[in-house]
Amino acid sequence: MDNNFSIKTENLGIRYFLKHEHQKEKKGLRLFQGRIEKEEFWALRNVNLEAKKGEVLGIIGVNGSGKSTLLKSLAKILPLSEGRLWTNGKIAPLIELGAGFNPELTGSENIFLSGTLLGLSNEIIRNNYNKIIDFSGLKKFIDIPLKNYSSGMFIRLAFSIVANLEPDIVLIDEVFAVGDEPFQQKSFEKILQFKEKGSTLLVVSHDMNTVARLCNKVIVLDEGKIQFNGEASLGIDYYKNLLKGIKSISEEDREKISTGALASSETIIKDKDPQRWGSGEIKITKVSFLNEQLKETNTFKGGETFIARIDYNSSEEINNPVFGVAFYTPYGLLVSGPNTKSSLSVDKIPKSGYLLYKVKNLNLTRGEYFFSAAVYDYALKKPYDHLERKFKFTVFGGDPSDFGHVDLKGKWLHEKND
Amino acid sequence: MLNKLVKEIREIYSFRHLLFNLIKSDIKLRYKNSFLGFLWHLLNPLFYFGILALVFSQIIRIQMENYVLFLFAGLVSWRMIQQTSIVATHSIVNNQELIKKIHTPKLVFPLATVISQFVDHLTLALVLFAFLFILKGKISSVLLISPFIIILIFFFSLGLSLFFATTYVYVKDTPHVIAIGFQALFFLTPILYPLSILSSRIEKFFRLNPFYYFIEYFRYPFYYAKMPSGELTVIVCAITLLTFCLGTYIFFRKKESFIFNF
């Protein structure tokens with residue numbers, strides 16, 4: 001076998017025995033309960049996969065399709081019921097962060113405990129100790145027991161340990177969903193660093209944008225079997241088609257999943273909303289995204305025309321209000337936040353009207369973007385209405401190997417030195 | 001088979017730092033936040049031993065030479081087996097959250113518990129050694145074999161612990177049964193009294209109890225101050241080997257399916 005692989009499986013299968021306890025028999029002693037029926041259930045079967053060194057493999061599928069079971073079996077937590085598994089290198093499971101923590105011990109002691117739980121020596125941990133503490137930002141708290149940590153500090157420490165011990169293979173199960181936004185950003189960047197350094201990553205996620213951005217290859221699991229194994233963008237399409245075939249998902253949900261937008265442009269804007277504030281003299285009634293043909297849409301191709309339309313009602317005559325919009329990444333990075341203050345004087349506004357913000361070439365890279373719309377007084381002090389990241393749209397196309405959020409349309413040149 | 005065993009041993013060896021950290025934190029946490037800290041683990045059994053010594057030597061008046069030392073030696077060795085097994089029974093179930101989330105050789109959990117228990121027992125054995133002087137027991141060169149005896153008790157207890165810890169995963173009544181069992185055995189094993197006070201008819205049955213041999217064996221260096229017979233040595237070694245192998249075998253047979261049975 002060549003040494004180029006990180007993880008390889010051959011006809012891997014995981015079987016559970018489901019124990020059915022009949023409701024009636026639950027009372028009384030277990031001894032007299034009668035037999036418990038056991039039913040065989042294959043959570044995974046005939047799984048053949050291979051991840052080469054430095055590859056990022058996405059594992060996608062609906063709930064209960066066996067994604068987490070697969071990750072747990074690759075991490076050698078679950079024993080194989082059949083088939084074979086080869087691994088090559090140190091595995092770091094980012095499956096449940098902080099699993100090995102003891103709340104009674106201090107942060108420092110827990111670093112050593114959970115590091116050795118991964119099979120590392122105390123010496124390696126000692127060599128990386130400062131790096132771990134610096135990354136976590138918990139230097140001040142490192143000598144107090146973990147039970148006095150906030151849940152955010154707990155997660156930060158857990159992630160910092162695994163992230164700084166230079167694993168060869170990282171198994172990630174939806175860990176982007178933890179911590180506050182800056183930490184999510186930081187951990188996502190760390191994961192990108194793993195990728196750059198040539199670690200092999202296996203990523204389980206429901207977020208197709210994450211999968212599209214990170215993964216070279218994708219496996220689509222359904223009912224414990226591999227339905228698709230190949231190039232990432234094809235796999236994502238396959239998965240979306242798979243979802244369309246599932247009847248239990250409502251039409252609306254399916255729309256959400258396939259467009260990747262939770263808040264579509266038609267979202268009815270509610271008055272009471274934590275993402276909305278303002279005095280209310282001017283009210284934004286609708287925000288919609290339009291393409292070149294002025295058709296409403298939530299998906300744009302990179303480089304296309306993008307138009308945001310903001311409809312408003314005004315109860316009073318207000319002089320010189322300033323309208324503004326903002327574009328954010330899912331991790332809260334403000335990409336752009338233009339307003340009308342210097343570029344368009346609005347003077348006295350009518351009872352109702354709308355503004356358009358037109359971008360001729362939407363030079364955003366592929367992914368999801370959040371959108372805010374707001375109207376303030378001229379001094380930008382008093383909000384009349386502010387809708388913070390209430391809207392979402394998706395940009396597709398472009399080169400998935402590019403990093404960042406903005407395509408500067410730069411050109412590469414290469415010349416020889418004489 | 002042998003290949004598999006070598007692989008297991010190598011894996012446990014590669015996790016030796018984990019074993020060390022688990023033992024360290026277990027010992028630390030047991031006595032943390034108490035004023036007397038580590039002293040409690042000595043004061044607690046010594047107080048209990050003292051009460052028993054008072055009751056059986058002054059009130060019930062068992063007549064034998066240096067009864068208190070006889071009793072202490074019996075209690076220390078009994079505690080090594082009983083306390084260790086009772087605590088280690090929980091070592092797998094208590095760590096189930098970890099076992100469900102991270103791959104580690106599962107043997108480290110019972111092993112860490114047993115070792116950290118023996119750290120306590122060894123200090124207690126040192127106290128017993130001090131009592132030898134206080135109670136004017138016979139000090140002889142036979143004391144040099146006591147480490148060997150403690151090692152045998154260690155492996156015997158480990159075997160029992162592995163068996164109990166495995167059973168507990170499948171049968172949740174295990175700790176209750178074990179607690180009652182040890183309570184009964186405490187009186188059915190000649191710890192508080194010498195075997196010689198029993199009628200020969202009952203004595204036969206008492207000799208079927210494997211715990212008896214360990215208690216008796218332990219008394220040779222600390223109480224009788226003479227070399228144990230070869231026959232007794234063979235019996236104790238055989239029981240240890242059998243228990244250890246059986247416990248380990250059952251543990252390794254079942255350890256992969258623990259995760260499906262929590």
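Residue numbering restarts at 1 for every chain, and letters A, B, ... go by the order of the sequence lines.
- The number of heavy-atom neighbours closer than 6.0 Å to NZ of A/Lys139, taken from other residues, nucleotides and ligands shown, is 12 or below.
- Smallest separation of non-hydrogen atoms from B/Leu29 and A/Glu104: CD2-CB, 3.4 Å.
- The NZ atom of A/Lys72 lies 7.5 Å from the NZ atom of B/Lys101; values are rounded to the nearest 0.5 Å.
- Rounded to the nearest 0.5 Å, atoms CG (B/Leu22) and CG (A/Leu117) are 6.5 Å apart.
- Contact count against chain B (heavy-atom pairs under 4.5 Å) is highest for A/Gly119 among A/Pro93, A/Gly100, A/Ser114, A/Gly119.
- Annotation: the span from A/Ser121 atom OG to B/Leu18 atom CG amounts to 12.0 Å, rounded to 0.5 Å.
- Heavy atoms of other residues, nucleotides or ligands lying less than 6.0 angstrom from CZ of B/Phe163 number 12 at most.
- Contacts of B/Phe258 with chain A are absent, with no heavy-atom separation under 4.5 Å from either backbone or side chain.
- Around CD of A/Glu40, the count of heavy atoms belonging to other residues, nucleotides or ligands within 6.0 Å exceeds 12.
- Within the 4.5 angstrom heavy-atom criterion, only backbone atoms of B/Ile99 (N, CA, C, O) approach chain A.
- Within a 6.0 Å radius of CD in A/Glu223, no more than 12 heavy atoms belonging to other residues, nucleotides or ligands are found.
- For B/Lys254, the NZ atom counts as loosely surrounded, since its 6.0 Å shell holds 12 or fewer non-hydrogen atoms of other residues, nucleotides or ligands.
- Note that OG of B/Ser257 is 11.5 Å distant from CG of A/Leu78, once rounded to the nearest 0.5 Å.
- Taking 4.5 Å as the limit, every side-chain heavy atom of A/Leu118 sits out of range of all side-chain heavy atoms of B/Thr104.
- Counted within 6.0 Å of OH on B/Tyr249, heavy atoms from surrounding residues, nucleotides or ligands total 12 or fewer; the atom is thus considered open.
- Heavy atoms of A/Leu120 lying under 4.5 Å from chain B belong exclusively to its backbone.
- Residue-environment remark: CZ (B/Phe20) stays at or below the threshold of 12 foreign heavy atoms within 6.0 Å.
- A distance of 7.0 Å separates CD1 of B/Ile259 from OH of A/Tyr16, quoted to the nearest 0.5 Å.
- Within the model, atoms CD of A/Glu109 and NZ of B/Lys24 stand 6.5 Å from one another, a figure rounded to the nearest 0.5 Å.
- In terms of non-hydrogen atom pairs under 4.5 Å with chain A, the most contact-rich of B/Glu97, B/His17, B/Arg16, B/Glu256 is B/His17.
- Scanning both residues, A/Asn122 and B/Asn21, for their nearest heavy atoms gives OD1-ND2, 3.1 Å.
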